[in-house]
Engineer: 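Sharing a structure with you now.
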Protein chains: 2
Amino acid sequence: MHAVKIKIQITSGNDIAFGPGKADLLEAIGRYGSISAAAKSMNMSYKRAWELVAVMNASFKQPLVVTSVGGSHGGGAILTEFGFEVLRLYREVLAKSDQFVLSEMQNLLSMLSALPNPDLTS
Amino acid sequence: MHAVKIKIQITSGNDIAFGPGKADLLEAIGRYGSISAAAKSMNMSYKRAWELVAVMNASFKQPLVVTSVGGSHGGGAILTEFGFEVLRLYREVLAKSDQFVLSEMQNLLSMLSALPNPDLTS
DNA sequence: TATCGTTATGTTATCAGAAATATAACGATA
DNA sequence: TATCGTTATATTTCTGATAACATAACGATA
């Protein structure tokens with residue numbers, strides 16, 4: 001029905017150092033140990049995932065993901081301790097912020113019409 | 001340099017009842033007394049502005065903007081008391097949230113590399 | 001009753017960002 | 001030393017959101 005969507009991005013210069021998409025990707029990389037598998041799991045192209053990782057790594061003091069190429073399984077990617085910590089902190093701030101914003105938003109929400117508009121995409 | 005960008009949208013069913021763009025538009029309509037003048041001031045097309053107004057008005061219990069067509073000056077649009085109040089509340093929540101998020105974000109920000117990446121769009 | 005600037009709404013064109021495709025390099029292991 | 005799945009990267013194609021364009025209706029006022 002009604003919802004409050006909050007999006008928090010950390011920008012660094014011209015590019016987005018971290019945000020919701022990168023957080024999800026990081027989590028998937030942690031789970032699968034591979035950029036390509038992570039990308040596939042969220043059906044994102046490998047190329048895009050690789051680019052996001054590159055920006056992240058370049059934006060922070062330490063790499064969040066380290067990759068290795070070649071080898072019997074072709075290579076892989078692992079989430080560093082640092083990366084894991086960034087993810088944890090981001091998620092934590094997001095959860096707190098969600099709660100904060102939602103509580104602050106109550107009076108505004110009460111001004112919305114009870115029923116949403118009909119969906120016209122048919 | 002580094003910044004935290006926070007975006008708060010209120011969704012209602014499938015469409016976005018309110019958000020940063022609509023807030024700016026509302027403010028401009030209040031200032032200019034016309035959708036077309038407001039649109040022009042933020043160089044947005046009249047059509048787009050009109051659509052945003054339509055969604056807003058349909059999403060809330062009362063209209064935020066009332067329009068009149070024809071007449072010596074062609075017509076116009078005014079921000080209702082209700083619309084003004086929605087705008088005020090939204091801006092208030094946004095400011096508070098900005099502050100909250102920024103303070104919660106400090107440790108994460110300290111993990112960013114000091115210098116942003118070079119801009120490659122040249 | 002002609003004018004004028006605005007609201008209201010449909011149609012077409014454009015373009016940036018994303019997807020799709022292609023290809024090279026890599027190196028453990030069998 | 002051939003294989004295989006992955007990283008790494010360039011190029012081409014597609015698409016969906018938006019801009020641009022067009023047009024009708026409206027009505028106070030002069």
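Here is how names work: the chains are called A, B, and so on, in the same order as the sequence lines, proteins then strands, and each is numbered from 1.
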Engineer: With pairs defined as Watson-Crick or G-U wobble and both distances under 3.5 angstrom, please note down DNA chain D as a dot-bracket string, | for pairing with another strand.
Structural biologist: ||||||||||||||||||||||||||||||

Engineer: Going by an N to O cut-off under 4.0 Å, is there a salt bridge joining B:Arg91 and B:Asp24?
Structural biologist: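 Salt bridge flag = yes for B:Asp24 with B:Arg91.
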
Engineer: In whole angstroms, how far is the P atom of C:dG17 from the CD atom of A:Glu51?
Structural biologist: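 So the CD-P distance, A:Glu51 to C:dG17, works out to 12 Å.
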
Engineer: Whole angstrom is fine here: how far is it from NZ in B:Lys40 over to C1' in D:dA20?
Structural biologist: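 Spelled out: NZ on B:Lys40 to C1' on D:dA20 is 15 Å.
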
Engineer: Of A:His73 and A:Arg48, whose nearest nucleotide on DNA chain C comes first from the 5' end?
Structural biologist: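 The residue whose closest nucleotide sits nearer the 5' end is A:Arg48.
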
Engineer: Set out, line by line, the N/O atom pairs under 3.5 Å between protein and nucleotides 7-14 of chain D.
Structural biologist:
from, atom 1, to, atom 2, distance (Å)
D:dT7, OP1, A:Ile35, N, 2.6
D:dT7, OP2, A:Ser36, N, 3.1
D:dA8, OP1, A:Thr67, OG1, 2.9
D:dA8, OP2, A:Trp50, NE1, 2.7
D:dA8, O5', A:Trp50, NE1, 3.3
D:dA10, N7, A:Lys47, NZ, 3.3

Engineer: For the pair B:Phe18 and B:Tyr90, name the ring-plane relationship: parallel under 30°, tilted 30 to 60°, perpendicular over 60°.
Structural biologist: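 Aromatic pair B:Phe18/B:Tyr90 classed perpendicular.
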
Engineer: About how many Å separate CD1 of B:Ile78 and CZ of B:Phe84, when rounded to the nearest 0.5 Å?
Structural biologist: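 With rounding to 0.5 Å, CZ (B:Phe84) is 13.0 Å from CD1 (B:Ile78).
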
Engineer: If you measure from CD on B:Glu92 to OG on B:Ser97, what distance do you get to the nearest 0.5 Å?
Structural biologist: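 Answer rounded to 0.5 Å: 10.0 Å.
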
Engineer: Starting at atom CG of B:Leu52, determine the distance to atom P of C:dA8, rounded to an integer number of angstrom.
Structural biologist: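 Rounded to whole Å, this separation is 14 Å.
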
Engineer: Look only at the side chain of A:Lys22 and the backbone of A:Ile16, and say whether a donor-acceptor pair between them is shorter than 3.5 Å.
Structural biologist: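 Answer holds: yes.
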
Engineer: Find the distance B:Ile16:CD1 to D:dA17:P and express it as a whole number of Å.
Structural biologist: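 So the CD1-P distance, B:Ile16 to D:dA17, works out to 11 Å.
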
Engineer: To the nearest 0.5 Å, what is the distance between NE2 (A:His73) and OG (A:Ser34)?
Structural biologist: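 Separation between the atoms: 11.5 Å.
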
